[in-house]
There are 2 protein chains.
Amino acid sequence: MSSLKPCVEALYEGVGRVADRIPELPKSEVVLVRLLMLTAGALLREFEDRLKPHGLNDSDFRTLMMLYSSEDGSATPSELCVLAEQKPTNMTRIANVLAKRDLISRSHATHDRRQVLLRITPAGRRFVAKLLPPMFPAVAESFACFSATERKTFEKLLKKLALHIDRTVDTDACP
Amino acid sequence: MSSLKPCVEALYEGVGRVADRIPELPKSEVVLVRLLMLTAGALLREFEDRLKPHGLNDSDFRTLMMLYSSEDGSATPSELCVLAEQKPTNMTRIANVLAKRDLISRSHATHDRRQVLLRITPAGRRFVAKLLPPMFPAVAESFACFSATERKTFEKLLKKLALHIDRTVDTDACP
DNA sequence: GGTAAATAGTTCGCTGGTGAACTATCAGGT
DNA sequence: ACCTGATAGTTCACCAGCGAACTATTTACC
């Protein structure tokens, strides 16, 4: 399948050679970015492979999970856009897919008739409850190389990075 | 732009609520997967925004960089597919794009006439040399929240994870 | 109360990426 | 030499996601 080892090796060699020609290159940061994307990409592909037999892709599933895990099982498209990192355009398509399969229902909000209310159906909940457990072993296995301490450290650093990048992008956009 | 903070918060809350209903849920692993994808996604989007003015996307650029950073400035499409994590179909398109802009050249390998040899042109090298340096500050800033030790730790863990996942996926495919 | 600006969602046309089918070349056994 | 199967790359038809333009509703301001 998608073998990461050659990529990782080539990454280190390649960055070294580029740095020979362009010495200002921030080597360790570039390595981090690419490692991050490599890893995330591999995990995503594996996950989507497991989802495909059920006719969903990651964004569809993520959206459904947002509803499943929300306080009252409902949300508006715009809320879901923020949480599932999607653009409104695509959220319309996702809602269409999920609604067609009766995993969610569509209705109008009463207090603001522009808004649409998406709600997970009982069938949607059953679907999630059937779908999730078989995936647990694979997810656990992905991080089996980490000790409990390492997992904790990794999570702490990742979270710190995520929130830092968030701030960076925001301030980039404003001035 | 794409604010991560609400996503991160919703992630922790959501995983908690799901675990209430499905107790076997491997909470910390799920959090890690999503954090990883969230972060990688945000970095990718930011990077592509900086690339867009030059008319390239991430895969195009990554492919060009593979040639730039290779031993002799050349490679076959299949080699690039492995290194840039692309399917042959898409590599054809990428090669078309880069060749049309004279950043790379196409020729046939002599010893095996099935193979195509892609080679970065002098113009391609100049393009990379012009393009890269202005991006360095942003890349450095992305990881500015890390101390030197943290960066080192993070890289070590990421690399370990990448190689572990690699092995996992491989052995998954075989039996 | 009525017009202007903002907001929620959808539709449309386009780009990027994929699997399946195809062509051309090479390698191996007979 | 010749057929079989593998390999490198391309073409084609399709899906997912995006920006721009549009509709419907709400809010703000005079």
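Throughout, a chain's letter reflects where its sequence line sits, starting with A, and its residues are numbered from 1.
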Notebook entry, point to check: B/Asn90 near the nucleic acid: base, sugar-phosphate alone, or nothing, with a heavy-atom cut-off under 4.0 Å?
Noted result: base

Notebook entry, point to check: Contact class for B/Pro88 vs. all strands (heavy atom < 4.0 Å): base, sugar-phosphate, or nothing?
Noted result: base

Margin query: Looking at A/Lys5 and A/Glu9, is there a salt bridge between them, counting it only when a charged N and a carboxylate O are closer than 4.0 Å?
Written below: no

Check: Would you call B/Arg34-B/Glu29 a salt bridge at under 4.0 Å N-O?
Finding: no

Next item on the list: Taking atom types as modelled, find out whether B/Asn96 and B/Arg101 have a side-chain donor-acceptor pair closer than 3.5 angstrom.
Entry: no

Note to self: Under a 3.5 Å threshold, yes or no: a donor from one side chain and an acceptor from the other, between A/Arg93 and A/Asn90?
What the structure shows: yes

Please tabulate the protein-to-nucleotide N/O contacts below 3.5 Å involving nucleotides 20-24 of chain D, giving atom names and distances.
from: D/dA20; atom 1: N6; to: A/Thr89; atom 2: OG1; distance (Å): 3.4

Would you kindly give the [atom1]-to-[atom2] distance between [X] and [N], to the nearest whole Å?
X: A/His108; N: D/dT26; atom1: NE2; atom2: P; value: 11 Å
X: B/Gln115; N: D/dA6; atom1: CD; atom2: C1'; value: 14 Å
X: B/Leu98; N: C/dG16; atom1: CG; atom2: P; value: 12 Å
X: B/Arg93; N: C/dT18; atom1: CZ; atom2: C1'; value: 11 Å
X: A/Leu44; N: C/dG17; atom1: CG; atom2: P; value: 14 Å
X: B/Ile94; N: C/dT15; atom1: CD1; atom2: P; value: 16 Å
X: B/Asp49; N: D/dG19; atom1: CG; atom2: C1'; value: 13 Å
X: B/Asp112; N: C/dT23; atom1: CG; atom2: P; value: 19 Å

Compute both the distance and the angle, then confirm whether [X] meets the cation-pi test with [Y]: under 6.0 Å from the six-membered ring centre, within 45 degrees of the axis.
X: A/Arg151; Y: A/Phe143; value: no
X: B/Lys160; Y: A/Phe154; value: no
X: A/Lys159; Y: B/Tyr12; value: yes
X: A/Arg50; Y: A/Phe61; value: no

Notebook entry, point to check: Closer than 4.0 Å, any side-chain N/O of A/Arg106 to the OP1 or OP2 of C/dA8?
Noted result: no

Check: Under a 4.0 Å heavy-atom cut-off, which of residues 51-69 of chain B touch DNA chain D?
Finding: none

Margin query: Would you say B/Val82 ends up clustered with B/Leu118 if hydrophobic residues are merged whenever their side chains have heavy atoms under 4.5 Å apart, either directly or through other cluster members?
Written below: no

Item checked: Toward the 5' end of DNA chain D, by each residue's nearest nucleotide, B/Met91 or A/His111 -> B/Met91

